[in-house]
Student: 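Quick one: structure below, then a few questions.
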4 protein chains.
Amino acid sequence: MTFDAIFVPAELRAAVSDRAWVVGMLDAERALANAGALAGVVPAHLAGSIAEACRIELFDVAAIVEDGRSSGNPAEPLVRALRAAVGGEAAMFVHFGATSQDIVDSAAMLVASRSLALIIGELDGVASACAQLAEEHRLTPMSARTLLQQAVPTTFGAKSAGWLVAIVTARNRLASIRETGLAAQLGGAAGTLAAFGSSGLDVAARYALELELPEPVVPWHTDRTRIAELGAALAVAAGVAAKIGLDVALLEQTEVAEISEPAGAGGSSAMPHKRNPVGSALAVACARQVQAAAGVLCAGLVQEHERAVGAWHAEWGALSIALAYAGGGAAAVRGSLEGLSVDAARMLSNLELTGGAVMSERLAGLIGRDETNQLLAQAASSGRTLREELAADPPAGLVAGALDPASYLGESGALVDRALAFYREER
Amino acid sequence: MTFDAIFVPAELRAAVSDRAWVVGMLDAERALANAGALAGVVPAHLAGSIAEACRIELFDVAAIVEDGRSSGNPAEPLVRALRAAVGGEAAMFVHFGATSQDIVDSAAMLVASRSLALIIGELDGVASACAQLAEEHRLTPMSARTLLQQAVPTTFGAKSAGWLVAIVTARNRLASIRETGLAAQLGGAAGTLAAFGSSGLDVAARYALELELPEPVVPWHTDRTRIAELGAALAVAAGVAAKIGLDVALLEQTEVAEISEPAGAGGSSAMPHKRNPVGSALAVACARQVQAAAGVLCAGLVQEHERAVGAWHAEWGALSIALAYAGGGAAAVRGSLEGLSVDAARMLSNLELTGGAVMSERLAGLIGRDETNQLLAQAASSGRTLREELAADPPAGLVAGALDPASYLGESGALVDRALAFYREER
Amino acid sequence: MTFDAIFVPAELRAAVSDRAWVVGMLDAERALANAGALAGVVPAHLAGSIAEACRIELFDVAAIVEDGRSSGNPAEPLVRALRAAVGGEAAMFVHFGATSQDIVDSAAMLVASRSLALIIGELDGVASACAQLAEEHRLTPMSARTLLQQAVPTTFGAKSAGWLVAIVTARNRLASIRETGLAAQLGGAAGTLAAFGSSGLDVAARYALELELPEPVVPWHTDRTRIAELGAALAVAAGVAAKIGLDVALLEQTEVAEISEPAGAGGSSAMPHKRNPVGSALAVACARQVQAAAGVLCAGLVQEHERAVGAWHAEWGALSIALAYAGGGAAAVRGSLEGLSVDAARMLSNLELTGGAVMSERLAGLIGRDETNQLLAQAASSGRTLREELAADPPAGLVAGALDPASYLGESGALVDRALAFYREER
Amino acid sequence: MTFDAIFVPAELRAAVSDRAWVVGMLDAERALANAGALAGVVPAHLAGSIAEACRIELFDVAAIVEDGRSSGNPAEPLVRALRAAVGGEAAMFVHFGATSQDIVDSAAMLVASRSLALIIGELDGVASACAQLAEEHRLTPMSARTLLQQAVPTTFGAKSAGWLVAIVTARNRLASIRETGLAAQLGGAAGTLAAFGSSGLDVAARYALELELPEPVVPWHTDRTRIAELGAALAVAAGVAAKIGLDVALLEQTEVAEISEPAGAGGSSAMPHKRNPVGSALAVACARQVQAAAGVLCAGLVQEHERAVGAWHAEWGALSIALAYAGGGAAAVRGSLEGLSVDAARMLSNLELTGGAVMSERLAGLIGRDETNQLLAQAASSGRTLREELAADPPAGLVAGALDPASYLGESGALVDRALAFYREER
């Protein structure tokens, strides 16, 4: 995708590249040969030759993919190239019993598994940064904002705790998919494993073992739930990262200025004074790409018979984008959070902007809702603040510090503790 | 949505109606009052009056929703109406400590839980029908089709087994979400539970108990992962239903005619002879609506601070559509499958259409890939079928019945057994 | 859709209701009878009876739609009901020569045309409000913000001019579609008009005239470009409305406070002091629904042969949502803009928040980019503002008022004039 | 995107590559320098040096993009590199008066314009192939199919005419956008052109001339309608191509076999006899990617103030995908159509599959709807065909050849003529 390098860390770009997919396909062909040998349907020495030839260095990835245009998939030319590479008798046993989709789908699972390791690492980094912020700012008062209006006080710790729980939830779903939701795919031409004679199930079981992927109940060429669910989980993770990124950008606004990016970040080509929330922008952009790709993957569920006319083919690019940009979004937010400066004093002074109105819920609890509304109306018409109104004519029930945000943090601290406990036990 | 009644069973339409949402909101207000009483922040007798007034019959749903346009949500007018309904001192304690989003989000969870019960019921019906087809047609040969071309033989049982595993997977994900993935929402104005004083966590725990919904780690007004995941799981379920529907419609094509709809289905306004695959059309249409709605829900993850400017509001309609149409799609496919006539003889005769070419993989296993390709080329140029070529000049290695589909079903039967075992243990 | 009444004005809700669709279908049946009579394929007096019976009052809309579940569309039961209503010999000529899709598609066009009139009215209102703001605040300085950071000065007029051009563009596209992009649909069972004998083209032409819809080049049952393009244009209009809404909400933030909603708007159920940007929230939510629906409509292009298995059926609900919520979004923003209070003094004081840094581009033009960067760095390290740095040690090239925003508005006024001219000539 | 080379022709891949975007950015910087010189705000000889340095060969594209991660866009590092390349006094005038977005947006327009030329070329090829098929098969009878059931006869020419009108419509929309819907972008830091002093509008006009792009009413950094509309138009074009591809694949089914792919196409890695509808699969897959990308572009309308936090950044990749895959889909379908073999005899024999039922609408016209239904019911219960029922007991009104498809082609020929005329006049 255009300007990938702006959005996706290099390691993750490599993990979803054409080369990485072809590596996965060669891993699948190797596993197939080895499984065939163990099951007795491929002579062991020929399997050895095949396995030996399944090295990416021996293949011209670009040429193979280009060649795939005529057959509509990259496995067919790869199999031809692999047959040529091993030559002789062994060539007959290359790809034996499999179909293109077996190889590409298994490669997709390997690409997913390897990419997920990186993505989960980035999400762990985000979680760790959130946990640290939650802990440090457990009781740092700031304004909560609903519909972008100051609402009541909360703490920056409580806000970070909300981020933390969401990111851990999203991370855990991906980890669970990585552990049990992926699966080897081997079904042969149409899912019956017929070419293996009576050894079909045996080969399929050994193939999964070779790939270190779970063995599915039945071949899943026709059942794309795991692809769709993976896409959805990536979209959720990217969405949570973007939510954090958006909050960060909003808190960094010139007029809010409660947090700021690491120095050196976000230079502008035209305006020397700016420090742009670049990590936020990248995270938001990444989430949009991931969600679009997840939509393609989900639509792919609806496919014709034993292999689709296009729905399958659309998965490859969409899966790579979903993986790469989910990781990219997490990495971007992680970078933002790890270098974040928090301005607790500004948080407190912003809480004063409404002249006490942000405390009106508390006041209503002390002096009654109707009285509070009346005072607010009075303030609005007089041009005074609620604080000034109260000072001018203190109502019954008023206590000292009634408008002090720190007195109205509710369960913020306890909620931070719960989020941290959740984070720690979930690791 | 236009013509809802064509796509969604009446019970499910009711379950996501404005009325059902307002019922859920009243349930939340009642739970709030009761929880407040138990925690000692609301006088018990006033809580009783409030709980008593939380009956849908007392409210004009249409008027309340209409009224919600000015505040941008339906909770604000409902709270006003509820205060008016209880009157007196109790009115002060209506909605005490909560915010609109607490009530609407909790209602969303109740609507989801109630709708999911219906949806899971429909999916169970689909699974049961698939299981029966898999069992009955365990070894009924038919052609597998990849890219809509006949590929190799499979069995209708194996095909049904693929449907079964997918639908059970999708159903189980929804059941798991229903059991542990929903949660009560109570955070007060911005998630700190501050209005409850030191009883915040106590009230929140009791509130969840009253609603029979899990208590979340922290209030989730700011963390929409559960909404997004629910949307995704519904889209997956609807997608699987549509995949089955699409296969059914393809098998029902005039030229394929391997299965047919229940008699009486699918009349046409212009063509008296037609029996349209109506269930398939509905299932495919439903999946598209659910996926679109799931996209809205997933995009809703990215929301501003403690309540979004719009992302939250977009959830209500999207969630209802996702629920209703996921159930609608399942119901449509269930109807198709339950009345399905299977024409095993036609399946067999269709397998003959290629004149034996559909058995070429098996033939290659017997006489070699190169020899097979040569025979196919010969056949193509001579205008004879593969079967005729073989009869004219039998190659070495040929065995009797080499082109008999029933001899090349691979592990079809065993895979059916695995799918059925998966289905039975998962229940 | 859930809580429709919060998002969509009543008139527009009515315009896309099941009833409105059935009215459109009856209009199509009437036009068909009349066209048939004019072309001589339906006896005139029988056509008269049919036309006479095409009155919505005679039909039970809910029952017809409910009944449509078995045939998968609402035309089949409507035709039956209409035949019953006219009775006798005329019944034979009801729906003569048409197919369900002809009637539903033509109704879709009528629903679209009627809804578009309302939507365009709302967009005109938005445009008018933008134009007024642009004119009034042609030279009212405010900060432009990129990536939510103050960038350089602009004027509120220039900002409004940007809104204006976008909304006029979106409105004009819809108006153009309404005038020439819709079309009558009549093709008969599969697009050949065969049932009309040699009068097919004649009937089709008269049918379009009766409906006051353009006649297409060929029947478009198989070509959904006009539906997809209409969906896209609605999504664009809704997106522009949401962009304005988002800007409004951002400007209304407690910490920015440059504009405010009409008094009385946006009450909160928990916080008496709040005035929420409700119009913005609704507009943003509407845009998300419209975009999702537009996606369904665009996906509908890919449909099987002469009528799709589901892709067609998915259009009905999606089209109604796209129409209703595009209008809803425009109406919401219009409401916001028409009651908007603009605080020019606050705009000016916000421009001072950076201590002059927002003028650094201008300063760089006066004293050089490197010097400016040096001053900014100095300021950052000393804790002084740029303004203070300049005062302490005025560099060469500095002029009086160098940091005055009003001196750096560029072409803001001229751009407002261009936008207003565009708006006026486009009407 | 993964395996791009399978889906997108090489020339088009190059047209949307990072390199192509950077070429566009250099074109924009050159145009800026030249426009500045013509307007007198940049010394002519320095502008000359800058223009001279705007050659892609001088820049390391990968390094520049990689470098863009810290600023969040590729313009900032390119400007730095360009300043270094020109050196000296000229460096001060590089990028003078512009902002990153001006350069990237203008590059996007150039990339779009250049890619559209290729895409329109492919669409012209599709249209030409459709026109030829329509002409050749103007009266070749085949079955129309609705909901995948044989409905009534049509002609392959009429079917192709439907494709033709849709593809010409989609093509014309793109051509119109290419001619008048793109626009140069120059606004400076936030759209006021302030850095150019009183020459802002002059520079902007000259800049557009230099780029050979229309000049917009006002800078459009804040108005993404043209991007969203371009995305939608690409999605429509890709959707139409996929619709054709899907029809082709359906007609190529083993059991239908009315058309076939060019020889040599669609080899399978496992099944030697298969000839897969590869072009169809690619076209369907491409449409899904384009639609997803178009969704990202449409969502990008809703962006914050004068530059978005992420919505803008998400456009780059999405626009490239939309362009590349729209072209890829058209190219794939064009390949399919240009090599298509049409089996008119098979079309005719397939029309016999229903034993005359496909002619029941015609029969109803001759002998009455009730009589026809009765005959169909009789046939169903007796196991005879409609043809046999008619022969056994000819009803009144029956004419010879009543069941002959060629007698019931309606306006097929005339509709082909209309489509061809539309195609020819639209060129």
Side-chain angles (χ1 to χ4, degrees), chain A residues 92 144-148 151-152 154 158 161-162 165-166 169-170 188-195 200-201 217-218 222-223 225 228-229 232 235-236 239-240 242-243 246-247 250 284 287 291 294-295 298-299 301-307 309 361 365 408-412 414-415 418-419 422, chain B residues 144-148 151-152 154 158 161-162 165-166 169-170 188-195 200-201 217-218 222-223 225 228-229 232 235-236 239-240 242-243 246-247 250 284 287 291 294-295 298-299 301-307 309 361 365 369 408-412 414-415 418-419 422:
Chain A
M92 307 292 294
R145 295 165 177 101
T146 55
L147 288 100
L148 291 177
V152 295
T154 185
V165 170
T169 302
T192 64
L193 296 155
L201 292 181
V217 178
V218 297
T222 197
D223 164 15
T225 50
E229 291 190 341
V236 169
V240 172
K243 187 270 184 288
L246 179 57
D247 279 0
L250 288 166
V284 168
Q291 196 196 326
C298 191
L301 283 162
V302 192
Q303 57 176 254
E304 299 91 356
H305 290 320
E306 279 68 41
R307 191 167 316 143
V309 183
E361 189 190 57
Y408 201 62
L409 301 177
E411 305 283 9
S412 294
L415 292 170
R418 285 168 71 145
F422 172 71
Chain B
R145 294 165 178 101
T146 55
L147 288 99
L148 292 177
V152 295
T154 183
V165 171
T169 302
T192 64
L193 296 155
L201 292 181
V217 178
V218 297
T222 196
D223 163 17
T225 50
E229 291 190 342
V236 169
V240 172
K243 187 270 184 287
L246 179 57
D247 279 1
L250 288 167
V284 168
Q291 196 195 327
C298 191
L301 283 162
V302 191
Q303 57 176 253
E304 298 91 357
H305 289 321
E306 279 68 43
R307 192 168 314 144
V309 184
E361 190 190 57
R369 166 177 292 265
Y408 201 63
L409 302 178
E411 305 283 9
S412 295
L415 292 169
R418 284 167 71 145
F422 172 71

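Letters A, B, ... mirror the listed sequences (proteins, then strands); counts begin at 1. Keep in mind it's a predicted model, so treat the numbers as computed, not measured.
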Student: Counting heavy-atom pairs closer than 4.5 Å to chain A, which one of B:Ala414, B:Gly295, B:Gly239, B:Ala242 comes out on top?
Tutor: B:Gly239
Student: State, with a plain yes or no, whether a side-chain heavy atom of A:Thr192 is found less than 4.5 Å away from one of B:Leu409.
Tutor: no
Student: With a 4.5 Å cut-off on heavy-atom pairs, point out which of B:Val309, B:Val240, B:Leu301 contacts chain A the most.
Tutor: B:Leu301
Student: Taking only residues two or more places apart in sequence, or in another chain, which ones meet B:Glu229 in a side-chain hydrogen bond (donor to acceptor under 3.5 Å, both in side chains)?
Tutor: none
Student: Check for a donor-acceptor pair, side chain of B:Glu306 on one end and backbone N or O of A:Thr146 on the other, with a separation under 3.5 Å.
Tutor: no
Student: Among A:Ala419, A:Ala195, A:Ala228, A:Ala232, who wins on heavy-atom pairs under 4.5 Å with chain B?
Tutor: A:Ala195
Student: Quick check on the interface: out of A:Val218, A:Val217, A:Val165, who has the most heavy-atom pairs with chain B under 4.5 Å?
Tutor: A:Val217
Student: Heavy-atom pairs under 4.5 Å with chain A are the metric here; pick the option from B:Ala161, B:Ala299, B:Gly191 that has the most.
Tutor: B:Ala299
Student: Apply side chain to side chain contact (heavy atoms under 4.5 Å, CB included) to the pair A:Gln303 and B:Asp247, showing each step before the final yes or no.
Tutor: CA-CA 8 Å; A:Gln303 57 176 254; B:Asp247 279 1; over 6 Å; no
Student: So A:Leu201 and B:Leu415, do their side chains get closer than 4.5 Å, heavy atoms only?
Tutor: yes
Student: Would a 4.5 Å heavy-atom cut-off, applied to side chains only, mark B:Leu193 and A:Glu411 as touching?
Tutor: yes
Student: Output all residues satisfying side-chain hydrogen bond (donor to acceptor under 3.5 Å, both in side chains) with B:Thr222, sequence neighbours left out; order by chain, then residue number.
Tutor: A:Lys243
Student: What I'd like to find out is whether the side chain of A:His305 reaches to under 4.5 Å of the side chain of B:Leu148, using heavy atoms alone.
Tutor: yes
Student: Could you tell me which of A:Ala294, A:Gly410, A:Ala287 has the largest number of non-hydrogen atom pairs under 4.5 Å with chain B?
Tutor: A:Gly410
Student: A:Ala158 versus chain B, heavy atoms under 4.5 Å apart: side chain, backbone, both or neither?
Tutor: neither
Student: Among A:Gly162, A:Cys298, A:Gly365, A:Ser412, single out the residue with the greatest number of heavy-atom pairs under 4.5 Å to chain B.
Tutor: A:Cys298
Student: What's the shortest heavy-atom distance between A:Val152 and B:Ala190, and which atoms?
Tutor: CG2-CB, 3.6 Å
Student: So for A:Glu304, is it side chain, backbone, both, or neither that comes closer than 4.5 Å to the heavy atoms of chain B?
Tutor: both
